Amino acid sequence: MILGIECTAHTFGVGIAHKGKILANVRDMYKTEKGGIIPMESAKHHRTVAESIYSKAIEISGIKEKEIKAIAVSNAPGLAPCLLAGLEFARKKAKELNIPLVPVNHCIAHLEIGRSLGAKDPVLLYSSGANTQIIAYASGKYRVFGETLDIGIGNFIDKVARHMGMGFPGGPQIEIKAKQGKYIELPYSIKGMDVSFSGMQTKIQQLFDKGISAEDLSYSLQETAFAMLVEAAERALAHTGKRELVLGGGVACNARFQEMCSIMCGERGAKLFCPDKSLLVDNGGMIAYTGELLFNAGIQEKDIDIKPRERTDEVKVAWR
Ligand code: AMP
Ligand code: MG
């Protein structure tokens with residue numbers, strides 16, 4: 001039994017994994033009335049809910065605390081105060097139970113959870129609030145093949161949604177509005193394998209101020225921004241010769257995004273793996289699952305530190 005803790009940003013989650021199965025996956029998300037995440041407030045949220053989320057996960061899994069062999073924790077990358085809150089809780093539990101800690105890189109966990117669905121050697125298209133990256137395993141490491149040059153796609157969507165008077169998170173509301181919209185051309189910005197969203201953000205805001213409807217802008221945003229990501233992901237598949245695509249991150253909850261990925265994969269004979277929503281968003285289940293892989297490969301520590309800026313290719317991959 002490996003217990004995993006997710007704490008990198010807005011979500012505090014606890015998962016329990018055993019032999020590749022996730023027995024519990026409980027989480028609670030820090031939300032704001034308006035504006036984005038305040039790191040210290042989110043960390044306070046994590047400290048407040050930690051014990052109850054932990055107890056709920058133990059209860060749902062039906063296991064006894066003493067069966068837990070290690071505590072895995074997402075110590076990287078993320079917001080330092082949030083990471084610290086999670087690590088403090090992990091340390092406390094590890095000490096009480098006299099078991100080791102396992103450090104898990106959050107981005108890699110999004111990819112590994114796709115492997116739990118049957119993908120053997122996939123490309124991960126990771127599209128969340130703060131992160132937009134295309135990651136795949138090559139020459140012994142998880143490498144970033146492409147990424148955003150400015151803001152993450154989710155943050156971009158949330159910013160234009162806020163400008164158009166929608167609340168946070170903007171993604172689900174943009175998806176609803178898009179159903180009634182028609183296409184207008186927006187800046188399509190992809191450089192090699194990298195994407196950028198700030199030009200499109202400015203353009204959408206200007207067009208909205210000139211009276212173009214939120215419906216048309218939402219529709220066009222989806223068609224343009226998602227096409228950029230699908231193009232970069234397709235190029236990563238072509239370049240690496242891999243035939244599996246895994247989706248990760250909250251933006252991948254979008255039905256049109258999934259459809260576009262599915263069409264691209266279909267056209268090139270690749271297989272698409274889209275985890276269930278509970279494993280797509282930030283969650284402790286994927287940390288526990290990945291923690292078990294690391295633990296079985298002999299990775300366990302008495303104490304670990306947070307690594308807010310760790311890059312996926314800095315992680316020594318001893319488990320594959
Ligand atoms: P994460 O950081 O992975 O938790 O994802 C959060 C981001 O996903 C936020 O920016 C949301 O606006 C975005 N999001 C959630 N649901 C959707 C959706 N249906 N369509 C587009 N974006 C979404
Ligand atoms: Mg995430």
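Quick caveat, the model's predicted, so the values are computed rather than measured. We count ligands from 1, going down the list as the structure has it; atoms in each ligand are counted the same way. Throughout, residue positions are numbered sequentially from 1 according to the sequence presented.
Look at E231 and R235 and you find a salt bridge, because one of the NZ, NE, NH1 or NH2 atoms lies within 4.0 Å of a carboxylate O, short of that distance. In this structure, E292 does not pair ionically with K69, as no charged nitrogen and carboxylate oxygen lie closer than 4.0 Å.
Using a 30° and 60° split on the angle between ring planes, Y126 and H110 fall in the tilted class, from 30° to 60°.
Residue contact annotation: Q222 has no non-hydrogen atom under 4.0 Å from ligand 1. Taking a 4.0 Å cut-off on heavy atoms, D158 registers as neighbouring ligand 1.
Not counting sequence neighbours, the partners of D209 by the side-chain hydrogen bond (donor to acceptor under 3.5 Å, both in side chains) test are H163.
One side chain, R320 or Y142, offers a donor N or O that lies under 3.5 Å from an acceptor on the other.
Below 3.5 Å of separation, one finds an N or O of G171 facing an N or O of ligand 1. The shortest N or O to N or O distance between G129 and ligand 1 is under 3.5 Å. On a distance-only criterion, G250 and ligand 1 share at least one N/O pair closer than 3.5 Å.
Of all atoms in ligand 1, numbered sequentially from 1 with element shown, those under 4.0 Å from a heavy atom of G170 are 12 (O).
Atom CD in Q201 sits 4.5 Å away from atom CD1 in I151 (nearest 0.5 Å).
Proximity of V281 to ligand 1, defined as any heavy-atom pair under 4.0 Å, is not found for any part of the residue.
Atom 20 (N) of ligand 1 has its nearest heavy-atom neighbour, among N155, N254, I176, in N254.
Sorted by chain and number, the protein atoms of type N, O or S within less than 2.8 Å of the Mg ion (ligand 2) are H106 NE2, H110 NE2, Y126 OH, D282 OD1.
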